[in-house]
Amino acid sequence: MQQITRRTFLKAASAGALGLALDLRRLGPAQAAGAGVLPATSPPRAVDYGDWRDVYREKWTWDAVVRSSHWVNCWYQAHCCWNVYVKDGMVWREEQAADYPQVRPEVPDFNPRGCQKGACYSERMYDPARVRHTLKRVGPRGSGKFKRISWDQALDEIADSVIDTIVEEGTDRVIWDLGPGISIGTQTAGQARLRVLLDSTALDMNTEIGDGHRGCAETFGKIVFERSGDDYFFSDLILCWGSNPAYTQIPNFHFLTEARYNGAKIFCITPDYSATAVHADAWIPVKPGGDAALALGAARIVIEEGWMDRKFVAEQTDLPLLVRDDTNRFLRASDLSDGGDEETLYLYDKKKGIVEAGRRSLDLGEISPVLEGRFEVTLAGGQKVTVRTVLSRLRELLEDYTPEKAAEKSGTPAAQIRLLAERMAHARAACMVTTSNFSKYYHGNLIERAQALLFALTG
Ligand code: SF4
């Protein structure tokens with residue numbers, strides 16, 4: 001049995017007293033004392049404590065339990081459903097609601113959604129450091145000197161500045177710098193409307209904070225790919241490439257581990273053996289920033305081994321399009337005839353030779369594009385030039401990414417580059433856990449494009 005000495009007893013007793021004091025901080029009398037909390041919507045009730053047990057009983061009573069969520073930039077898994085315990089107009093406790101219905105019997109449900117940041121969100125709401133009043137800077141920038149002003153004064157001064165700027169310099173000199181907090185929810189609507197009415201300029205928040213996924217924008221034309229979190233369950237190969245969803249996508253992470261019971265393999269491709277790597281079937285180490293070389297090395301293996309999904313590549317990618325050798329530009333209608341447009345591009349059909357690539361649909365119809373080859377075409381002025389498919393040019397580029405060379409550049413062993421290529425090529429429904437990681441790198445767009453190439457080649 002543990003020996004209790006006078007010294008340990010005193011230590012435990014003082015710790016207990018501290019714990020009680022911390023709890024009392026949240027009870028009515030402490031709130032009335034205004035210890036840095038928001039004003040209650042109703043006056044706090046007077047609590048008549050009989051003895052110490054009443055303190056404990058009072059702690060577990062509420063005026064209401066209401067549904068709520070969090071207005072933060074969780075991005076990939078926002079708006080988890082919580083029960084919020086309210087007393088005297090204040091949130092005192094949060095609890096995961098965990099009553100999402102099961103949508104499909106064969107797919108795990110979403111319960112419970114939440115994360116540790118959400119579990120203590122009320123601390124953030126009532127933190128004394130939170131800005132709760134309109135403040136005006138009265139010292140040099142960075143000095144931290146502010147004075148409190150009224151809302152009327154703040155709105156008047158902002159409106160005056162906007163009007164002065166428009167009158168003296170023009171509407172495009174009014175710049176909105178949004179920040180991540182503004183990106184979610186209905187508050188954006190009114191602000192966006194005002195921006196449009198003023199004909200003013202808004203900075204791209206995602207680009208500013210490095211969440212922009214420029215490589216995805218360049219490849220696919222958009223940066224966000226909508227799907228439900230439980231979609232991971234249908235994948236048979238999940239790449240956590242540059243991501244650590246065990247820490248950063250907490251509400252959805254269980255779908256990844258549950259997908260393993262549905263036959264999925266998880267590959268974690270990161271420099272560090274992360275919390276996600278612990279749950280993965282394979283950890284593929286890569287040097288920071290070496291991801292593009294890894295992707296290109298795997299892409300080369302896919303092509304060389306004949307593992308490419310040729311039907312997908314022919315229909316869904318630009319790899320069969322023809323590119324002029326002399327200018328390195330796509331062959332365009334304007335090259336072939338006077339008055340031809342700049343938008344029409346070309347494929348090489350096995351039977352008909354050079355044909356227009358469809359612009360209204362990806363459906364190839366009767367066209368059967370040659371994926372690789374060099375051809376001669378006659379330009380509008382009679383000059384003859386050679387053209388090659390994008391895939392032919394890509395194969396040449398990838399000569400610099402043999403497994404050994406790619407291993408040197410990426411820091412990933414050649415055998416693991418091959419493992420990635422082989423699994424990607426044979427996966428039925430590979431997917432990647434999205435991150436806002438590579439978009440923060442200089443030339444990170446090229447990493448994302450190399451990853452997209454690997455997905456495109458393997459369908
Ligand atoms: S991810 Fe966390 S902070 Fe975001 S809504 Fe869910 S519980 Fe709240």
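First listed ligand is number 1; within each ligand, the first listed atom is number 1.
Put simply, no part of Tyr121 is less than 4.0 Å from ligand 1, judged by heavy atoms.
Within the listing of ligand 1, atoms 7 (S) sit less than 4.0 angstrom from a heavy atom of Gly114. Remark: ligand 1 atoms within the under-4.0 Å shell around heavy atoms of Trp82 are 7 (S). Counting atoms of ligand 1 from 1 in the listed order, those under 4.0 Å from a heavy atom of Pro251 are 1 (S).
Both the sub-6.0 Å distance and the 45° axial angle are not jointly satisfied by Arg93 relative to the ring of Trp82. Note that Arg227 lies in the cation-pi zone of Tyr232, set by a 6.0 Å cut-off to the ring centre and a 45° limit from the axis. Judged by the 6.0 Å and 45° rule, Lys136 forms no cation-pi pair with Phe146.
Of the heavy atoms in Ala119, none comes closer than 4.0 Å to ligand 1. With a heavy-atom cut-off of 4.0 Å, His79 touches ligand 1 through its backbone alone.
With Arg104 contributing its side chain and Glu106 its backbone, the two residues share no donor-acceptor pair below 3.5 Å.
Atoms OG1 and CH2, from Thr201 and Trp176 in turn, are 11.5 Å apart once rounded to the nearest 0.5 Å.
Scanning the protein for heavy atoms near atom 2 (Fe) of ligand 1, the closest one is Cys115 SG, 2.3 Å. For atom 3 (S) of ligand 1, the closest non-hydrogen atom on the protein side is Cys74 SG, 3.5 Å.
Using a cut-off of 2.8 Å, one finds that Cys80 contributes no N/O/S atom close to atom 2 (Fe) of ligand 1.
Between His254 and Phe110, the gap from one ring centroid to the other reaches at least 6.0 Å.
As for His70, its N/O/S atom nearest atom 8 (Fe) of ligand 1 is the one called ND1.
Counting only heavy atoms from C-beta outward, the side chains of Arg113 and Asn252 approach each other to under 4.5 Å.
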